[in-house]
Number of protein chains: 2
Amino acid sequence: MTSTEGPRTMRPTRQRTAVVEAMTSFGDFRSAQDIHDLLGRGSTPVGLATVYRTLNALVESGEVDMLRTEDGEAIYRRCSAAHHHHLVCRSCGATVEVEGPAVERWTQAIADEHGFADVSHTLEIFGTCSSCRVR
Amino acid sequence: MTSTEGPRTMRPTRQRTAVVEAMTSFGDFRSAQDIHDLLGRGSTPVGLATVYRTLNALVESGEVDMLRTEDGEAIYRRCSAAHHHHLVCRSCGATVEVEGPAVERWTQAIADEHGFADVSHTLEIFGTCSSCRVR
DNA sequence: TTTCATGCAAATTGTTTGCAAATCG
DNA sequence: CGATTTGCAAACAATTTGCATGAAA
């Protein structure tokens, strides 16, 4: 079970830095492939496998948050970014970021109540925005 | 955009029934592959592709709930009528159904506030259940 | 120089699709 | 019969892994 052992240290390489900076530059969730593409276009191309390895390491070390999109793709976000949710228009895709202290508290409470620790959650709201209703 | 059109009716075939019954027999989340294996052992083998197609259809029609496990696998469960959310253990996968009138109201309010109509939402809570913490 | 990280390409895994044969209405 | 569904295998997409090479310590 100790087969998956890895080094305890993480070398500050050029590509590792590039990934971290990319993650820092945009605060929201992106897929590994997005990040790879982004870096590829820039002046610091990084191999896709490396992007994956780096992101996994960052998740492991708690510096990055990972969650799954509806179709199973992993998306990552720098952890420190303020936690918020999205209100998405089904029709045009417009997105509004919303915060919900109440929801945060509620989920925490529910989890406590059932003896769950180390709580996190995902919440997305879908609807039809006013512009799309009019036309 | 109408390319993915399908028939509006769903024929009650032997395999479709088998899948639905399997879903009914156990109340918790199972992967498509689990269901396929299960049926394969029994007297009513159903092709894996068919299991997937059937499950997708059921999710589409709202008879089945689908969510993603930490590693991106889709898991399905027959869904009870009432709208509810899930509290899922990251480690062992145990799930608790929770209701959240407050959340329902909150999402509605947020949507209204931004001029969105026809609102729906998804919310999943993740954590580590007490049994898994103990060990 | 020794160890860890990178890149590439090949290997895996979960899921979807094309198409001929079986089945339902 | 005619339209839909099934099964199988091939196609796919996201992610991981093996291995030789390059860069830190």
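Numbers restart at 1 for each chain; the letters A, B, ... are given by sequence-line order, proteins then strands.
Direction of the helix axis in the helix from C:dT1-D:dA25 to C:dG25-D:dC1 shifts by 30° between the two five-pair termini, rounded to 10°.
Contacts of A:Glu97 classified as side chain to side chain donor-acceptor pair (under 3.5 Å), with partners at least two apart in sequence or in another chain: A:His84.
Here C:dA22 presents its C1' atom at 15 Å from CZ of B:Arg16, a figure rounded to the nearest Å. Computed from coordinates, the A:Leu55 CG to C:dA5 P distance equals 15 Å when rounded to whole Å. Computed from coordinates, the A:Asp37 CG to D:dT15 P distance equals 12 Å when rounded to whole Å. In this structure, CG of B:Asp71 is placed 18 Å from P of C:dT12, rounded to the nearest angstrom. In this structure, B:Glu60 atom CD and C:dT16 atom P are separated by 12 Å, rounded to whole Å. Rounded to whole Å, the distance from CD1 on A:Ile35 to P on D:dA14 is 14 Å. What separates CD of A:Gln15 from P of C:dC4 is a distance of 17 Å, to the nearest Å. For the pair B:Arg11 CZ and C:dA22 P, the computed distance is 16 Å after rounding to whole Å.
Side-chain atoms of B:Thr50 do not come within 3.5 Å of backbone N or O of B:Val46 as any donor-acceptor pair.
If you check distances only, the side chain of B:Arg53 never reaches the base of D:dT4 with a donor-acceptor pair under 3.5 Å. On a pure distance criterion of 3.5 Å, no polar donor-acceptor pair joins the side chain of A:Arg14 and the base of D:dA23.
Considering A:Val19, A:Thr13, A:Val59, A:Thr17 in turn, A:Val19 is the only one that fulfils the side chain to side chain contact (heavy atoms under 4.5 Å, CB included) rule with A:Thr54.
Contacts with DNA chain D (heavy atom under 4.0 Å) in residues 42-49 of chain A: A:Leu48, A:Ala49, listed by number.
When the side chains of ILVMFWY residues are joined at heavy-atom separations under 4.5 Å, either directly or via intervening members, B:Val98 and B:Phe126 end up in two distinct hydrophobic clusters. Connection of A:Val20 to A:Phe29 is not established within any shared hydrophobic cluster, with ILVMFWY side chains joined at heavy-atom distances below 4.5 Å, either directly or through further cluster members.
Here C:dG7 is the nucleotide among D:dT15, C:dG7, C:dT15 with the atom lying nearest to any side-chain atom of A:Thr50.
By the neighbour-count criterion of 12 heavy atoms within 6.0 Å, atom CZ of B:Arg41 is sparsely surrounded, having that number or fewer from other residues, nucleotides or ligands.
Residue B:Asn56 has a polar side-chain atom (N or O) positioned under 4.0 Å from OP1 or OP2 of C:dT16. The shortest distance between the side-chain N/O atoms of B:Thr13 and the OP1/OP2 oxygens of D:dT6 is below 4.0 Å.
Of the residues near DNA chain C, B:Tyr52 and B:Pro12, the one whose nearest nucleotide (by heavy atom distance) lies more toward the 5' end is B:Tyr52.
With salt bridges taken as basic N to acidic carboxylate O contacts below 4.0 Å, none links B:Asp28 and B:Arg77.
At a threshold of 4.5 Å between non-hydrogen side-chain atoms, the residues B:His85 and B:Glu104 count as touching.
Here A:Ile125 contributes atom CD1 and A:Cys89 contributes atom SG; the two are 13.0 Å apart, rounded to the nearest 0.5 Å.
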